[in-house]
J.: 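Here it is, the structure, as structure tokens.
Throughout, residue positions are numbered sequentially from 1 according to the sequence presented.
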Amino acid sequence: MAKYEQLAQELKTRIAQGVWQAGDKLPSLRQTVADSGLSLMTVLNAYQLLESQGVISAQAKSGYLVTPKPELIARQGEAFRYPERQKPIYLSDSVDINEFVFNVLQASKQADIVPFGSGFPDPSLFPQQALARSLVKVTRHMSPSFAADNLPPGNAGLRKAISQRYAKLGMSISPDEIIITSGAMEALNLSLATLTQAGDWVVIESPTFYGAMQAIERLKLKAIAVATDPQQGIDLEALAEVLKTYPVKACWLMSQHQNPLGCSLSDTKKQALYQLLSEHKVSLIEDDVYQELYVDSSAPRPVKAFDTEGRVLHCGSFSKSLIAGYRVGWVAAGCHAPQLQRLQVMSTLSTSAPMQLAIADFIQSAQYERHLKQLRKKLASRKLAMYQLLCAHLPESVGVNFAQGGYFLWLALPSHMDATQIYYQAIERGISIAPGNLFSNQVEFRHFMRLNASYECSPEIISAVVVLAELIRNYSR
Ligand SMILES: Cc1ncc(COP(=O)(O)O)c(C=O)c1O
């Protein structure tokens, strides 16, 4: 552990012991330098680390203040009873979600909408200009054979750069098992198509990212949704029961910063999940598009890190951490890589070559790490600020689930409410939200909604929260 991490840990322990409490001012940088004998740089790094973790926040003219701990101000609301209200397992012979997802995505394209329903982070957090420079540079120097060079499995430089990022996590993933795709969506769809045939059973989380349900619908598969707790993640006991009872062909889930809940599995749980799947010889499609958006000083490792058999198809993307519209993602497909490439050639043929080259250029430079550090810090403080804003304005009966990392907050309205109705009313007032029905076809999630917390709490965002609170207060069936 570096010195600044040690100091951050000590300060955190003291905050946990109540030496400094929510709203208290931490000793100034100068004071801590004098007390600890460490350099100003070390102390500054420690404070910035705590800030990026949402433990303290920098206030103009006041120094660093201890932020209220989410657990202390957690609002569970009368309707936020997990997991008792939820069935551990929910079977669907056929999934029908695409039409609703399509309509919600179309509505979110309206100009000037307040994008609480958006799945992407605030685009102003992306280094668009620097990427444009990379794009110009690489297209100027493209070889005449660039189209053929970047056919599946994709650009060699980009695959190597991605495998080096895995190496930073202590994982050995050869560039040969990585396939570049048009966003994670293609990676996930190809993975599912590789593992299944129409009519097969697939395990998903409940609630889950709607893309999983769309893919299941398109491939005419059957879904088994397993209860997923907003803090602890998937219920492994229920999953074990499912694996004993049904001939499951694949499991599709998110182990980190789950969409829509925001929760992440502990390392112990990731390992137990892997062992369980391995015992039943079931492959895992690990959707890890928010992997880079963690708050701790070190990056969490995915379930793929425990994979000794090539059983995990790990899907990643640059859409959430670098740039949304370039549509570049990947899958580390283990032993399934050859089959997956063949399916890709039959569907999209390949990912846009200039986009692959531009991203390869950018992520191989020092700019990428700098950008990620800034992004994590901003997202952590914006999420906390949005959480506090919601707690201040929403009626007491609304629960707000806060999980570290990513940028989603999951809200539970009182159980008689239908978030889809609020969605339509909010759209009329120029605000989008993501209603619970997008993430499950169970009625249990009708009164939930996901909000995007990646935007700065500007006057416009504050007014939108006030309107949302008013719609909830005035709700009538
Ligand atoms: C959980 C999850 N997986 C996959 C995707 C798709 O990512 P991409 O834009 O890279 O296709 C999204 C996008 O919203 C997502 O939230």
J.: Would you say Lys269 has more than 12 foreign heavy atoms packed within less than 6.0 Å of its NZ?
T.: yes
J.: So, taking the atom named CG in Leu169 and the one named NZ in Lys304, what distance separates them when rounded to the nearest 0.5 Å?
T.: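 Here the interatomic distance stands at 13.0 Å.
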J.: Run Leu411 and Leu390 through side-chain contact (heavy atoms from CB on, under 4.5 Å) and show every step you take.
T.: CA-CA 10 Å; Leu411 272 59; Leu390 291 171; 4.2 Å; yes
J.: Are Tyr407 and Tyr290 an aromatic pair by the rule of ring centers under 6.0 Å?
T.: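 Close enough - the centres of the two rings lie under 6.0 Å apart.
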J.: Using a distance-only test with no angle check, is there a side-chain donor-acceptor pair under 3.5 angstrom linking Ser255 and Glu286?
T.: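 On atom types as modelled, these side chains qualify, holding a pair under 3.5 Å.
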J.: Is a salt bridge present between Glu292 and Lys373, judged by a nitrogen-to-oxygen distance below 4.0 Å?
T.: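 So Glu292 does not pair with Lys373 through a salt bridge.
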J.: Please answer whether the main-chain N or O of Leu49 pairs with a side-chain N or O of Glu5 as donor and acceptor at a distance below 3.5 Å.
T.: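 No, because the side chain of Glu5 does not come within donor-acceptor range (under 3.5 Å) of the backbone of Leu49.
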J.: Are the side chains of Ile472 and Met417 in contact, using a 4.5 Å heavy-atom criterion?
T.: yes
J.: State, to 0.1 Å, how close Ser163 and Ile173 come at their nearest heavy-atom pair, and which atoms those are.
T.: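 Smallest interatomic distance, heavy atoms only, reads CB-O, 3.0 Å.
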J.: Between Val203 and Trp252, does a side-chain contact (heavy atoms from CB on, under 4.5 Å) hold up when you go through it step by step?
T.: CA-CA 6 Å; Val203 166; Trp252 170 329; over 6 Å; no
J.: How far apart are the C-alpha atoms of Val248 and His280, what are their side-chain angles, what is the distance that settles it, and do they pass the side-chain contact (heavy atoms from CB on, under 4.5 Å) test?
T.: CA-CA 9 Å; Val248 170; His280 292 270; over 6 Å; no
J.: Please check this pair: side chain of Thr228 against backbone of Val226, looking for a donor-acceptor N/O pair closer than 3.5 Å.
T.: yes
J.: Just by distance, do the side chain of Asp200 and the backbone of Gln197 share a donor-acceptor pair under 3.5 Å?
T.: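 Yes; judged by distance alone, with no hydrogens or angles, the pair exists.
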J.: Given side chains that start at C-beta, do those of Ile204 and Ile224 come closer than 4.5 Å, heavy atoms only?
T.: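 Result no, sub-4.5 Å side-chain heavy-atom pair not found.
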J.: Is any side-chain heavy atom of Leu253 less than 4.5 Å from a side-chain heavy atom of Asp287?
T.: no
J.: With side chains defined as the heavy atoms from C-beta onward, is the minimum distance between Pro354 and Leu135 less than 4.5 Å?
T.: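 A side-chain contact exists here, since the closest heavy-atom pair is under 4.5 Å.
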J.: What do you reckon, is CD of Glu237 surrounded by more than 12 foreign heavy atoms closer than 6.0 Å?
T.: no
J.: Checking the side chain of Glu177 only, and the main-chain atoms of Ala337 only, is there a donor and an acceptor separated by less than 3.5 Å?
T.: no
J.: Does Lys378, at its NZ atom, have more than 12 non-hydrogen atoms belonging to other residues, nucleotides or ligands within less than 6.0 Å?
T.: no
J.: Do we see a donor-acceptor contact under 3.5 Å between the side chains of Tyr274 and Asp307?
T.: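 Note: Tyr274 and Asp307 side chains meet the donor-acceptor criterion.
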J.: Would you give the length of the straight line joining atom CG of Leu340 to atom OG1 of Thr194, rounded to the nearest 0.5 angstrom?
T.: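 It comes to 3.5 Å.
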J.: Which atom names give the shortest non-hydrogen contact between Ser319 and Ser317, and what distance separates them?
T.: N-OG, 2.8 Å
J.: Classify the side-chain pair Glu456/Ser458 by whether it contains a donor and acceptor separated by less than 3.5 Å.
T.: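 Short answer, no.
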J.: With rounding to the nearest 0.5 Å, note down the distance linking CG in Leu265 to CD in Gln271.
T.: 12.5 Å
J.: Could you check whether any side-chain N or O of Arg450 sits under 3.5 Å from a backbone N or O of Gly117, counting only pairs where one atom can act as donor and the other as acceptor?
T.: yes
J.: Indicate whether any N or O donor in one side chain lies under 3.5 Å from an N or O acceptor in the other, for Ser206 and Gln442.
T.: yes
J.: For the CG atom of Asp235 and the CD atom of Glu205, what is their distance to the nearest 0.5 Å?
T.: 11.5 Å
J.: Can you list the steps and then say if Trp410 with Phe402 is a ring pair (Phe, Tyr, Trp, His ring centres under 6.0 Å)?
T.: CA-CA 7 Å; Trp410 182 238; Phe402 184 100; over 10 Å; no
J.: To the nearest 0.5 Å, what is the distance between NZ (Lys320) and CZ (Phe318)?
T.: 14.0 Å
J.: Between Lys383 and Phe408 (side chain of the first, backbone of the second, donor and acceptor by atom type, cut-off under 3.5 Å), is there such a pair?
T.: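 Judged by distance alone, yes, a pair lies under 3.5 Å.
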J.: Could you check whether Asp122 and Ser454, counting side-chain N and O atoms only, form a donor-acceptor pair closer than 3.5 Å?
T.: no
J.: Can you find a heavy atom in the side chain of Trp201 that is under 4.5 Å from one in the side chain of Pro247?
T.: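 The answer is yes, as the side chains (C-beta and beyond) meet within the 4.5 Å cut-off.
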J.: Take the angle between the ring planes of Tyr368 and His371 and call it parallel below 30°, perpendicular above 60°, tilted in between.
T.: parallel
J.: So, Ser118 side chain and Pro115 main chain: donor-acceptor pair closer than 3.5 Å or not?
T.: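 Judged by distance alone, no pair lies under 3.5 Å.
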J.: Where the side chain of Arg429 meets the backbone of Gln425, is there a donor-acceptor pair that is under 3.5 Å apart?
T.: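 Looks like no, no N/O pair under 3.5 Å.
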J.: Less than 4.5 Å apart, any side-chain heavy atom of Phe116 and any of Leu451?
T.: yes
J.: Hey, are His314 and Asp288 close enough side-chain-wise for a donor-acceptor pair under 3.5 Å?
T.: yes
J.: Check whether the side chains of Thr348 and Glu186 place a donor and an acceptor atom closer than 3.5 Å, and report yes or no.
T.: yes
J.: Would you confirm whether Lys249, through its side chain, and Val282, through its main-chain N or O, come within 3.5 Å as a donor-acceptor pair?
T.: no
J.: Carefully, step by step, assess Lys281 and Arg311 under the rule side-chain contact (heavy atoms from CB on, under 4.5 Å).
T.: CA-CA 8 Å; Lys281 302 201 177 353; Arg311 187 174 292 291; 4.0 Å; yes
J.: Looking at Leu261 and Ala403, what are the two nearest heavy atoms and their distance?
T.: O-CB, 4.5 Å
J.: Write down the atom of Gln404, the atom of His257, and the distance for their closest heavy-atom approach.
T.: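 Closest heavy-atom pair between Gln404 and His257: O-ND1, 3.6 Å.
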J.: Roughly how far, to the nearest 0.5 Å, is CD1 of Ile162 from CD1 of Ile179?
T.: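 These two atoms lie 11.0 Å from each other.
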J.: Could you tell me if Lys270 sits above the aromatic ring of Phe306, with its cationic atom closer than 6.0 Å to the ring centre and no more than 45 degrees from the axis?
T.: no
J.: Answer yes or no: does atom CD of Glu309 have more than 12 heavy-atom neighbours from other residues, nucleotides or ligands under 6.0 Å?
T.: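 Enclosed.
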J.: Go through the side-chain N and O atoms of Tyr455 and Arg382 and say whether any donor and acceptor fall under 3.5 Å apart.
T.: no
J.: Locate the shortest heavy-atom distance separating Pro300 from Gln256; write the atom from each residue and the value.
T.: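 Scanning both residues completely, I find the closest heavy atoms to be CB-OE1, 3.1 Å.
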J.: Is Asp361 salt-bridged to Lys137, cutoff N-O under 4.0 Å?
T.: yes
J.: Is the closest side-chain donor-acceptor distance between Ser350 and Gln344 under 3.5 Å?
T.: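 No donor-acceptor contact under 3.5 Å links the two side chains.
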J.: Would Lys244 and Glu279 pass as an ion pair if we require N to O under 4.0 Å?
T.: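 Glu279 and Lys244: not salt-bridged.
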J.: Would you name the heavy atoms of Val465 and Met386 that are closest together and state the gap between them?
T.: CG2-CE, 4.0 Å
J.: Side chain of Asn401, backbone of Pro230: donor and acceptor closer than 3.5 Å?
T.: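 Indeed, once roles are kept as given, a pair shorter than 3.5 Å links the two residues.
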